[in-house]
Amino acid sequence: MPELTRRRALGAVGALAAAAGAQALTTSSASAAPNGPARASHSMDGHHHGGPESFDEVFKGRHIEGRPVTGGGHHHMGGYAVFVDGVELHVMSNADGSWISVVSHYAPVPAPRDAARAAVVELQGAPLVPFAAN
């Protein structure tokens with residue numbers, strides 16, 4: 001069995017805290033849906049053919065914005081871009097219609113707005129560092 005070091009202990013604590021935060025965020029997002037948790041999980045069942053709607057708001061003191069894009073950027077090809085304080089947050093739509101971001105990669109959410117909010121929570125006030133596409 002590997003020796004327990006301070007680095008491993010801190011890594012384990014950080015992973016547990018991130019998992020607990022993601023679970024709390026997912027639970028609160030689902031219960032905040034218009035028709036409760038059943039409606040939130042249903043929204044991830046199919047693709048939104050018109051694409052997600054644009055948003056522009058302040059969440060926990062951070063400016064988050066999302067909008068459709070045409071060409072350019074990493075994986076865009078007519079996709080969707082999300083920004084936190086003007087810095088692009090790399091997001092991706094999954095086959096089941098859920099969304100993930102480079103910040104909360106293992107916690108799929110129903111919409112890009114939720115991915116931006118999850119990133120703000122996960123960043124805990126830290127600045128978002130631009131994602132190097134290539």
Side-chain angles (χ1 to χ4, degrees):
M1 198 152 138
E3 182 181 328
L4 182 62
T5 63
R6 183 171 190 253
R7 178 178 286 183
R8 287 188 183 177
L10 289 174
V13 169
L16 288 173
Q23 179 64 30
L25 182 65
T26 304
T27 302
S28 65
S29 293
S31 62
N35 295 327
R39 178 75 179 142
S41 62
H42 177 71
S43 68
M44 291 177 19
D45 289 342
H47 286 295
H48 208 132
H49 292 289
E53 293 187 23
S54 296
F55 63 91
D56 188 351
E57 67 184 41
V58 174
F59 178 75
K60 294 192 179 239
R62 307 288 293 266
H63 179 231
I64 60 174
E65 181 181 0
R67 62 181 179 263
V69 293
T70 55
H74 185 66
H75 287 306
H76 286 249
M77 297 170 271
Y80 200 84
V82 174
F83 301 88
V84 175
D85 295 332
V87 178
E88 185 172 8
L89 171 67
H90 181 74
V91 295
M92 185 175 80
S93 175
N94 293 321
D96 66 353
S98 64
W99 290 77
I100 58 173
S101 78
V102 71
V103 174
S104 58
H105 193 79
Y106 297 105
V109 293
R113 179 189 311 252
D114 300 316
R117 289 177 174 174
V120 166
V121 169
E122 189 69 28
L123 287 168
Q124 299 179 11
L128 178 64
V129 177
F131 181 70
N134 290 337

Stepwise side-chain contact (heavy atoms from CB on, under 4.5 Å) test for Arg62 and Leu123: CA-CA 10 Å; Arg62 307 288 293 266; Leu123 287 168; 4.1 Å; yes
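- Here the side chains of Pro127 and Val87 are not in contact, with every heavy-atom distance at 4.5 Å or above.
- Heavy atoms only, all atoms of each residue included: Trp99 and Ala111 are closest at CD1-CA, 3.7 Å.
- Residues Phe59 and Val84 form no side-chain contact, since every pair of their non-hydrogen atoms from C-beta on lies 4.5 Å or further apart.
- Closest approach of Ala119 and Leu89 over heavy atoms only: CB-CD2, 3.7 Å.
- Closest approach of Val69 to Ala81, counting heavy atoms only: CG1-CB, 3.4 Å.
- Tyr106 places no side-chain N or O within donor-acceptor distance of the main-chain N or O of Ile100, the cut-off being under 3.5 Å.
- Looking only at side-chain heavy atoms (C-beta outward), Phe83 and Arg67 come within less than 4.5 Å of each other.
- Rounding to the nearest 0.5 Å places NZ of Lys60 at 10.5 Å from CZ of Arg117.
- Formation of a donor-acceptor pair under 3.5 Å by the Tyr80 side chain with backbone atoms of Gly51 is not found in this model.
- Scanning all heavy atoms of the two residues, the minimum distance from Pro68 to Pro52 falls at CG-O, 4.5 Å.
- Asp56 places a side-chain heavy atom less than 4.5 Å from the side chain of His63.
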